[in-house]
Structures are given as C-alpha cells and as structure tokens.
2 protein chains.
Amino acid sequence: MSVAASSSAKGAVPRDTQRIYSIAELSREFAITPRTIRFYEDEGLIKPRRQGMTRLYSVGDRTRLGWILRGKRLGFSLAEIRELLDLYQVDRTGVQQLRELLRRSQLHIADLERKRADLDQHINEFREVESQVSTELRQRGVDPEGD
Amino acid sequence: MSVAASSSAKGAVPRDTQRIYSIAELSREFAITPRTIRFYEDEGLIKPRRQGMTRLYSVGDRTRLGWILRGKRLGFSLAEIRELLDLYQVDRTGVQQLRELLRRSQLHIADLERKRADLDQHINEFREVESQVSTELRQRGVDPEGD
DNA sequence: GTCATAGTTAACGTTTACGTAAACGTCAAT
DNA sequence: ATTGACGTTTACGTAAACGTTAACTATGAC
C-alpha cells in the first residue's frame with residue numbers, strides 16, 4: 001500500500017474504485033487550475049492514463065494529487081514532494097532497499113517533527129496574543145465575542 | 001511585548017539587551033547570506049539602525065529575523081509574514097483596533113491549526129511506513145537499528 | 001601607504017510555480 | 001453548420017525570493 005494511494009484505510013469508503021475523473025473535475029474539487037495539474041504532470045508528479053490525447057485520472061491519481069497539495073500547504077517544494085513520492089515507488093524487495101527506505105523515512109520524520117515544534121511555538125505565541133487582547137477588551141468592558 | 005521581540009519569556013536569558021550584531025554575524029548564526037537579510041529589509045521586514053551606511057542589528061532585530069525565518073520554514077510567503085508582523089505593530093489603544101487584532105489573530109490561529117492537522121496526518125503516514133519497513137526487516141532477520 | 005577584511009549600492013541573472021494567450025481538435029446541442 | 005463547452009500543445013510572461021557580479025567605501029594591521 002503506497003502512501004499516495006491508501007484511501008481504503010477503514011472508514012474512507014472508496015466509493016467506486018473504478019471511477020475516473022476529468023481534469024476539470026479534479027481542478028474544481030481541489031480548487032486549482034487545469035494548468036496546475038498539467039504542470040505537475042510535466043514535473044513528473046502524476047501520470048494519468050490517456051484516451052487519445054485526453055487525460056483520465058484514476059482514484060489513485062486523485063489521492064496522489066491531494067497528497068501533493070497537502071505537501072505544498074506544508075511548505076515543501078515540488079522537488080521535495082517528488083522525492084518523497086519517489087521514495088515509495090522504489091523496489092522494496094531487497095534488504096538494502098528496505099534499509100535505505102527506513103533511513104530516509106526516519107530522516108524525513110525528524111524533519112517533520114522539527115517543523116511541528118516550530119508550528120506549535122508559532123501557534124502558542126498567537127494564542128497568547130489572543131488571550132491578552134481578550135483580557136484587555138474585557139477590562140475595558142467589551143465582550144470579545146460580540147460583533 | 002510584541003511577538004517578534006519576546007525573548008525574555010522566563011528562561012531565555014536576554015544576555016545583553018544592548019548587544020548589537022553585524023550583518024555577517026547574523027548571516028552566520030542563521031545560515032543565510034547577507035544579501036537575504038538586506039533583501040528582507042528592502043521588503044520592509046526589518047529596519048536596523050544605521051551608523052553611517054553600516055547596518056547595526058539590535059537584539060530585537062535578531063529575534064525578529066528568527067521569527068521571519070521560522071515563518072518561512074512553515075511555508076509562509078514573505079508577504080504573509082509581513083502581514084503577520086505588521087499585525088502586532090498596529091495601534092492597540094482603540095477598542096476597534098483591538099477587536100480587529102483579535103479577529104485576525106483568531107483567523108490566523110485557525111489557519112495554523114488546519115496546517116497542524118495536515119502535518120500530523122503527514123507524520124502519521126510516514127510513521128506507519130517506518131514501522132512497516134522495520135517489521136519487514138525483522139521478519140527477514142535483519143536488525144533495523146544496525147548499520 | 002597598501003593590503004585584507006567587511007561593509008555598501010546597483011543592477012542583472014536564476015529558479016520555482018505557475019498564468020496567459022494562441023491555435024487547434026472533439027463532440028453535443030441548436 | 002456553427003456555437004459552446006471541454007480538451008489539447010506550444011510558448012512566452014510573471015511574481016517571489018533570492019544569487020551573483022561589479023564597483024565602491026571605510027577601517028584596522030603591518
């Protein structure tokens with residue numbers, strides 16, 4: 001089960017595994033332009049089937065696209081995202097490959113945890129601002145919740 | 001106490017509040033080039049004192065720079081970071097200003113929490129890969145910890 | 001004095017991540 | 001048969017975030 005194709009975790013109903021999507025459909029769903037999706041293909045991030053010239057996206061392609069966009073939201077470049085995706089398509093038969101995969105996964109996890117520490121700190125600072133401002137407003141007899 | 005100048009939280013010793021830094025010093029400490037620091041100044045993100053032409057950075061400037069870089073690591077654009085920084089320099093005397101500050105803080109916090117949910121999900125996926133690969137290696141009689 | 005070191009501005013170059021036409025094919029509906 | 005909605009490729013444009021020279025200045029060491 002690859003990272004970018006695990007929608008049958010147990011609760012996420014795969015509705016119709018055979019379902020295919022048009023580029024317009026996906027661009028609407030994810031609120032991006034078709035241009036962006038084609039660009040990701042040029043960059044080797046997704047490889048939809050073709051029916052003649054027209055691109056046909058599978059459920060897996062859709063999941064993969066969602067994964068890419070989440071990576072973007074987290075601040076990863078497309079190059080980094082490609083690396084991460086590639087990471088899980090490598091041959092997992094050999095012990096050497098498995099060790100390498102494990103090593104790189106651990107490195108990536110460490111990186112992510114640093115990022116989470118940053119994020120938590122950032123959030124806490126803003127929470128503090130929020131509470132201070134709320135307090136200040138209450139002291140002035142204003143209800144912070146009102147409009 | 002502004003967001004980008006709170007290093008005396010209680011434990012973080014302000015060493016020398018009067019300390020000043022050169023651009024080279026800061027670029028070394030944060031592992032960025034002087035060009036980057038000057039660029040941030042052009043973009044209005046930091047405003048160091050000048051002694052003639054030479055820039056002199058205060059402890060506050062240094063803290064602020066660190067804050068900017070953390071923002072970058074979290075995937076914010078410089079424009080967004082500037083907005084966030086500006087947010088805390090606005091006049092906090094009027095009730096109207098305070099309400100607006102509160103509102104925007106809450107919006108930002110909500111955004112950050114979405115990001116954290118993304119990040120947690122991302123981390124969990126990679127942890128699962130890690131554990132699966134470890135298991136696979138053990139089944140093959142290999143110690144995942146060894147070199 | 002001049003040499004090295006560290007600072008400056010100015011301006012053009014580069015990479016990333018798309019946007020924006022232009023010019024065309026396909027098919028269903030009017 | 002043409003209009004419209006959707007798809008395609010090719011290619012140039014652009015904003016963001018710096019990198020990279022170039023040319024100059026100031027300062028302390030020798």
Side-chain angles (χ1 to χ4, degrees), chain A residues 4 19-58 61-62 64-86 111 115 118 122, chain B residues 4 19-58 61-62 64-86 111 115 118 122:
Chain A
R19 171 111 198 253
I20 58 173
Y21 302 85
S22 71
I23 196 167
E25 223 167 341
L26 288 186
S27 68
R28 251 173 289 145
E29 178 174 357
F30 290 109
I32 56 181
T33 68
R35 171 71 175 99
T36 300
I37 300 182
R38 293 192 196 102
F39 179 73
Y40 290 166
E41 183 176 349
D42 286 347
E43 296 293 298
L45 297 177
I46 26 179
K47 288 144 187 127
R49 289 165 39 208
R50 296 270 184 146
Q51 178 176 271
M53 291 273 90
T54 306
R55 293 165 171 86
L56 298 180
Y57 298 86
S58 69
D61 289 332
R62 175 178 164 279
R64 192 176 171 94
L65 181 55
W67 203 89
I68 292 167
L69 295 173
R70 195 182 63 195
K72 287 229 67 187
R73 288 196 301 275
L74 293 177
F76 293 107
S77 71
L78 293 186
E80 291 171 313
I81 291 171
R82 181 181 27 233
E83 260 194 79
L84 294 175
L85 285 173
D86 288 355
D111 186 44
K115 191 165 273 194
D118 275 349
H122 197 97
Chain B
R19 171 113 197 251
I20 59 173
Y21 302 85
S22 71
I23 196 168
E25 223 168 341
L26 287 185
S27 68
R28 252 173 289 144
E29 177 174 357
F30 290 109
I32 56 181
T33 67
R35 171 72 174 98
T36 299
I37 300 181
R38 293 192 195 102
F39 178 74
Y40 291 166
E41 182 176 349
D42 286 348
E43 295 294 298
L45 297 177
I46 27 179
K47 288 140 189 136
R49 288 164 40 209
R50 296 269 184 145
Q51 180 177 270
M53 292 272 89
T54 307
R55 293 164 172 85
L56 298 180
Y57 297 86
S58 69
D61 290 331
R62 174 178 165 281
R64 193 177 172 90
L65 181 55
W67 203 89
I68 293 167
L69 295 173
R70 195 182 64 195
K72 287 232 68 189
R73 286 197 301 275
L74 294 176
F76 293 106
S77 71
L78 292 186
E80 291 171 314
I81 292 171
R82 180 178 32 231
E83 259 195 81
L84 294 174
L85 285 173
D86 287 356
D111 186 43
K115 191 165 274 196
D118 275 349
H122 198 96

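What you are looking at is a predicted structure, and each value in this text was computed from that prediction instead of being measured. Below, chains carry the letters A, B, ... as their sequence lines are ordered, and counting in each starts from 1.
Whole-Å rounding puts the B/Leu26 CG to C/dG7 C1' distance at 14 Å. For the pair B/Ile20 CD1 and C/dG7 C1', the computed distance is 14 Å after rounding to whole Å. The nearest whole Å value for the distance from the CZ atom in B/Arg50 to the C1' atom in C/dG7 is 10 Å. B/Ile23 has its CD1 atom 9 Å from the C1' atom of C/dT8, to the nearest Å.
Within 4.0 Å of B/Arg38, counting heavy atoms only, lies at least one base atom of the nucleic acid.
Residue A/Leu78 comes nearest to A/Lys72 through the heavy atom pair CD2-CD, 3.9 Å, listed as atom of the first residue, atom of the second, then distance. Among all heavy-atom pairs drawn from B/Ile37 and B/Ser27, the shortest one is CD1-N, 3.8 Å.
Using a 4.5 Å heavy-atom threshold, the side chains of A/Tyr57 and A/Arg64 count as separate. Using a 4.5 Å heavy-atom threshold, the side chains of B/Phe76 and B/Asp111 count as touching. Residues A/Glu41 and A/Pro48 have side chains in contact (heavy-atom distance under 4.5 Å, counting atoms from C-beta outward).
Remark: the backbone N or O of B/Ile23 is not paired with any side-chain donor or acceptor of B/Arg55 at under 3.5 angstrom.
Both A/Phe39 and B/Arg55 lie near DNA chain C, and the one whose nearest nucleotide falls closer to the 5' end is B/Arg55. Two residues, B/Thr33 and A/Ser22, neighbour DNA chain D, and the one matched to the more 5' nucleotide by heavy-atom proximity is A/Ser22.
A 4.0 Å heavy-atom criterion places the boundary nucleotides of DNA chain D facing chain B at D/dA17 to D/dT20, written 5' to 3'.
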